[in-house]
Amino acid sequence: MSLEEIILQVQTCKKCSLWQTSLHGVPGEGPMDAKVMFIGQNPGAEEDKTGRPFVGRAGKFLTKTLTEFGINRNEVYITNIVKHTSPKNRKPSPDEVTTCLPYLNQQITLIKPKIIVLLGASAKETPRIEGITYFEVVHPSAAMRFTKMREKFQTQIAQLAKQIKQQQQQ
Ligand code: URA
């Protein structure tokens with residue numbers, strides 16, 4: 001299956017009930033050969049409206065922080081574990097996660113990132129694959145709101161930027 005096919009499948013997915021309470025499936029975006037992949041839990045209201053991941057307040061904060069540390073959002077792949085938003089932005093159920101995970105696994109298989117950055121709670125639900133370096137970072141929505149979390153997030157993104165540079169030199 002190609003990345004385009006996955007995108008189409010997500011956009012028309014009815015495997016769980018979340019499509020009934022959302023406007024758009026949000027497959028993810030970024031280059032097919034991205035070396036770095038960011039994974040969040042599931043889209044929020046702004047993402048649901050636009051069909052794009054991390055474009056709301058938390059997304060803008062993420063993009064800004066990446067830029068500050070020399071990481072270009074356009075060069076990384078950004079997606080979520082669960083591809084539809086949930087009513088009142090509730091946490092996706094274990095069943096919804098299990099049902100949606102094959103999309104993420106296919107995206108990882110096709111894109112073959114060297115580094116996966118897990119944003120907040122997605123760290124608990126994303127299966128680890130050998131040969132990929134995982135970074136668990138504070139979710140940008142928490143980083144945006146709390147000073148201590150923001151400092152931690154900035155330190156984590158600085159470490160990530162360093163690791164990306166090292167990999168580019170290999
Ligand atoms: N939070 C997430 O976890 N994912 C998004 O796409 C937006 C906000």
Side-chain angles (χ1 to χ4, degrees), residues 3 6-13 15-32 34 36-69 71-108 110-111 113 115-128 132 134-146 148-150 152-154 156-157 160:
L3 210 49
I6 295 172
I7 290 171
L8 277 174
Q9 286 198 3
V10 167
Q11 286 167 342
T12 54
C13 188
K15 286 190 196 164
C16 77
S17 61
L18 289 179
W19 67 275
Q20 294 173 339
T21 46
S22 48
L23 296 168
H24 291 105
V26 182
E29 65 183 24
M32 280 200 55
V36 185
M37 184 184 243
F38 283 73
I39 303 176
Q41 192 163 52
N42 76 325
E46 208 54 41
E47 291 76 21
D48 184 42
K49 269 188 220 152
T50 57
R52 294 181 58 211
F54 284 97
V55 290
R57 280 187 68 211
K60 290 199 175 88
F61 183 76
L62 171 67
T63 306
K64 177 173 154 271
T65 309
L66 293 182
T67 308
E68 279 164 9
F69 288 94
I71 303 169
N72 184 345
R73 176 179 165 132
N74 296 327
E75 288 174 12
V76 304
Y77 199 86
I78 306 188
T79 188
N80 286 292
I81 300 182
V82 172
K83 312 298 193 194
H84 277 94
T85 196
S86 42
K88 297 200 181 123
N89 222 359
R90 65 156 171 77
K91 191 173 158 7
S93 70
D95 262 9
E96 287 159 355
V97 169
T98 308
T99 306
C100 215
L101 258 182
Y103 290 128
L104 179 65
N105 288 334
Q106 283 165 338
Q107 286 172 312
I108 296 173
L110 287 165
I111 295 164
I115 297 172
I116 288 184
V117 185
L118 300 169
L119 300 162
S122 72
K124 283 197 215 82
E125 287 147 0
T126 307
R128 307 300 198 261
I132 299 181
Y134 288 85
F135 272 82
E136 294 181 19
V137 308
V138 171
H139 198 282
S141 62
M144 215 169 57
R145 269 180 268 158
F146 308 105
K148 276 265 164 329
M149 290 289 173
R150 182 154 57 246
K152 193 167 173 194
F153 183 63
Q154 286 166 337
Q156 290 169 331
I157 299 297
L160 169 70

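As the structure is a prediction and not an experimental result, all values here were calculated from the model. One-based numbering, in listed order, for ligands and for the atoms of each.
Closest heavy-atom contact between N105 and P127: OD1-CG, 4.1 Å.
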Could you go through the side chain to side chain contact (heavy atoms under 4.5 Å, CB included) check for F61 and R150 one step at a time? CA-CA 10 Å; F61 183 76; R150 182 154 57 246; 3.8 Å; yes
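Separating the OG1 atom in T65 from the NZ atom in K60 is a distance of 13.5 Å, to the nearest 0.5 Å.
Heavy-atom proximity to Q41, at under 4.0 Å, picks out these atoms of ligand 1: 3 (O). Listed by number with element, the atoms of ligand 1 under 4.0 Å from a non-hydrogen atom of H139 are 1 (N), 2 (C), 3 (O).
If you check which protein heavy atom lies closest to atom 6 (O) of ligand 1, you get N80 ND2, 2.9 Å. Atom 8 (C) of ligand 1 has F54 CE2, 3.7 Å as its closest protein atom, hydrogens excluded (heavy atom only).
By the criterion of a heavy-atom distance under 4.0 Å, the backbone of N42, and not its side chain, is placed next to ligand 1. Within the 4.0 Å heavy-atom criterion, neither part of E46 lies near ligand 1.
Paired with E96 under the rule side chain to side chain donor-acceptor pair (under 3.5 Å), one option of H84, K83, K91, R90 passes, and it is R90. Test I111, L104, I108 against T79 for side chain to side chain contact (heavy atoms under 4.5 Å, CB included) and you get one pass: L104.
Distance alone, capped at 3.5 Å, places no donor-acceptor pair between the E125 side chain and the S122 backbone.
Checked against a 3.5 angstrom limit, the closest N/O atoms of P43 and ligand 1 fall outside it.
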